[in-house]
Amino acid sequence: MKHRFVSLSHPCPSTSRSVRGVIVWLLAVMLVAVSGHATSSWAAQTPTEVVERTMKDMLYILTELKDASRSTQRQWEIEQVVRRAFNYEEMAERSLGETGIKSNAVERRQFVRLFVQVLRDDLADHLRDYSAAQVVYLAEGNDADGAQVMIAPAGQEVDTRIEFQVVRRSGAWLVNDISIDGASIMAKYQAQFTRILREGSFSDLMEYLKQKAVIA
């Protein structure tokens with residue numbers, strides 16, 4: 001009787017392919033599980049927890065990447081926070097007010113992209129002097145439109161109040177507006193954009209946003 005031996009140190013091609021296939025499948029399952037856990041973890045957070053995480057991420061980036069030589073990386077990192085934590089597409093649409101701009105899909109995508117960049121830089125300007133250790137979370141309120149989270153830098157000589165308005169979208173809380181000492185950032189955008197559109201055109205507004213979003 002002839003016996004067939006398979007060397008353990010040199011497996012046959014079909015066996016190697018089979019093993020590799022199993023390994024690839026296991027890695028794919030693990031990645032999906034990790035991704036799903038991160039998504040469900042984010043979705044399960046309360047409005048205050050979402051704001052706290054967003055603030056920590058923003059302030060960490062502004063602290064670690066504060067050198068002028070790292071401005072490009074800083075902007076990119078903050079933009080990722082905006083795209084993850086903010087209701088930016090609806091915010092961009094609301095910023096146009098009641099103008100009823102007619103634009104095609106390409107123009108809308110470009111407008112949203114520029115809006116995110118302007119929002120990114122405004123947030124950096126407002127938050128660059130804070131640190132995570134100095135922020136206290138004062139109150140959380142709820143109404144029919146979503147929730148409000150009030151925060152403030154700590155310290156007896158500081159009287160700044162920042163209110164985050166958050167809404168529920170696709171099972172997760174997203175930042176929908178920020179008011180600093182009662183001044184809404186969305187109201188500011190609506191006033192600016194409406195004035196430009198009243199005096200000019202949508203192309204003028206796009207040019208204005210491009211100039212504001214120029215990398216420092």
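Just so you know, these numbers come straight off a predicted model, no measurement behind them.
Looking only at side-chain heavy atoms (C-beta outward), Phe86 and Met91 come within less than 4.5 Å of each other. At a threshold of 4.5 Å between non-hydrogen side-chain atoms, the residues Tyr208 and Lys212 count as touching. Inter-residue side-chain proximity for Met55 and Phe164 is flagged as met; some heavy-atom pair is nearer than 4.5 Å. Using a 4.5 Å cut-off on side-chain heavy atoms (C-beta onward), Ile162 and Tyr130 make contact. Looking at heavy atoms from C-beta onward, Glu207 lies out of side-chain contact with Asp204 at the 4.5 angstrom threshold. The side-chain heavy atoms of Ile185 and Leu119, taken from C-beta on, include a pair separated by under 4.5 Å. A heavy-atom distance below 4.5 Å is found between the side chains of Leu59 and Leu127. In this structure, Arg161 and Ile180 have side chains that are not in contact, with every pair of non-hydrogen atoms separated by 4.5 Å or more.
Closest approach of Phe115 and Phe193 over heavy atoms only: CD1-CE1, 4.2 Å. The minimum heavy-atom distance between Asn142 and Ala147, with the atom names listed, is OD1-CB, 3.4 Å. In terms of heavy-atom proximity, Thr160 sits nearest to Pro153 at O-CD, 3.5 Å.
Residues Met150 and Tyr137 do not share a hydrophobic cluster, defined by chaining ILVMFWY side chains whose heavy atoms lie under 4.5 Å apart. There is no path of hydrophobic side-chain contacts, each under 4.5 Å, that joins Val167 to Val81. In the hydrophobic clustering of this structure, Leu197 groups with Leu114; members are Ile, Leu, Val, Met, Phe, Trp, Tyr whose side-chain heavy atoms approach within less than 4.5 Å, directly or through other members. The cluster map of Ile, Leu, Val, Met, Phe, Trp and Tyr, joined by side-chain heavy atoms under 4.5 Å apart, puts Ile196 and Met186 in the same cluster.
With no hydrogens or angles considered, no side-chain donor-acceptor pair links Thr54 and Asp57 at under 3.5 Å. Checked by atom type, the side-chain pair Gln134/Ser131 shows a donor-acceptor distance below 3.5 Å. Donor-acceptor pairing under 3.5 Å is recorded for the side chains of Thr48 and Glu140.
Arg168 places a side-chain N or O within donor-acceptor distance of the main-chain N or O of Gly171, the cut-off being under 3.5 Å. Using modelled atom types, one side-chain atom of Arg74 and one backbone atom of Leu65 make a donor-acceptor pair closer than 3.5 Å. Asn104 places a side-chain N or O within 3.5 Å of a backbone atom of Val106 that can act as its donor or acceptor partner.
A salt bridge between Arg83 and Glu79 is present, with a side-chain N of the basic residue lying under 4.0 Å from a carboxylate O of the acidic one.
Here CD of Gln190 is found 7.0 Å from OG of Ser184. Values are rounded to the nearest 0.5 Å. Taking CE of Met58 as the reference point, atom NE2 of His126 lies at 10.5 Å (rounded to 0.5 Å). Note that OG1 of Thr72 and CD of Glu77 are 12.0 Å apart. Values are rounded to the nearest 0.5 Å. The CG atom of Leu205 sits 6.5 Å away from the CG atom of Leu96 when rounded to the nearest 0.5 Å. Interatomic distance, OG of Ser71 versus CH2 of Trp76, reported as 15.0 Å (0.5 Å rounding).
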task: Determine, step by step, whether Lys210 and Gln110 satisfy the side chain to side chain contact (heavy atoms under 4.5 Å, CB included) criterion, reporting the C-alpha distance in whole Å, the side-chain angles of both residues, the deciding distance to 0.1 Å, and the verdict.
output: CA-CA 10 Å; Lys210 289 177 183 176; Gln110 186 179 17; 3.3 Å; yes

task: Dump the intermediate steps for side chain to side chain contact (heavy atoms under 4.5 Å, CB included) on Val149 and Glu163, then the final yes or no.
output: CA-CA 6 Å; Val149 178; Glu163 180 180 293; over 6 Å; no

Chi angles and distances behind the side chain to side chain contact (heavy atoms under 4.5 Å, CB included) call for Phe202, Glu107: CA-CA 10 Å; Phe202 187 67; Glu107 290 173 331; 4.2 Å; yes

- prompt: Does the side chain to side chain contact (heavy atoms under 4.5 Å, CB included) test come out yes or no for Gln73 and Ile61, once each step is laid out?
  reply: CA-CA 9 Å; Gln73 183 183 357; Ile61 294 167; over 6 Å; no

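With sequence neighbours excluded, the residues that form a side chain to side chain contact (heavy atoms under 4.5 Å, CB included) with Ala124 are Leu62, Ile78, Arg128. Taking Arg94 as the reference, nothing meets the salt bridge (charged side-chain N to carboxylate O under 4.0 Å, His left out) condition, with sequence neighbours excluded. Residues satisfying the salt bridge (charged side-chain N to carboxylate O under 4.0 Å, His left out) test with Glu52, not counting sequence neighbours, are Lys56. Asp129 is linked by a side chain to side chain contact (heavy atoms under 4.5 Å, CB included) to nothing, counting only residues two or more places apart in sequence or in another chain. Among residues two or more places apart in sequence or in another chain, the salt bridge (charged side-chain N to carboxylate O under 4.0 Å, His left out) test is passed with Glu90 by Arg169.
Among residue pairs with one or both ends in residues 182-197, those qualifying as salt bridge (Lys or Arg N to Asp or Glu O under 4.0 Å) are Asp122-Lys188; sequence neighbours excluded.
Surrounding CD of Gln80 are more than 12 heavy atoms belonging to other residues, nucleotides or ligands, all under 6.0 Å away.
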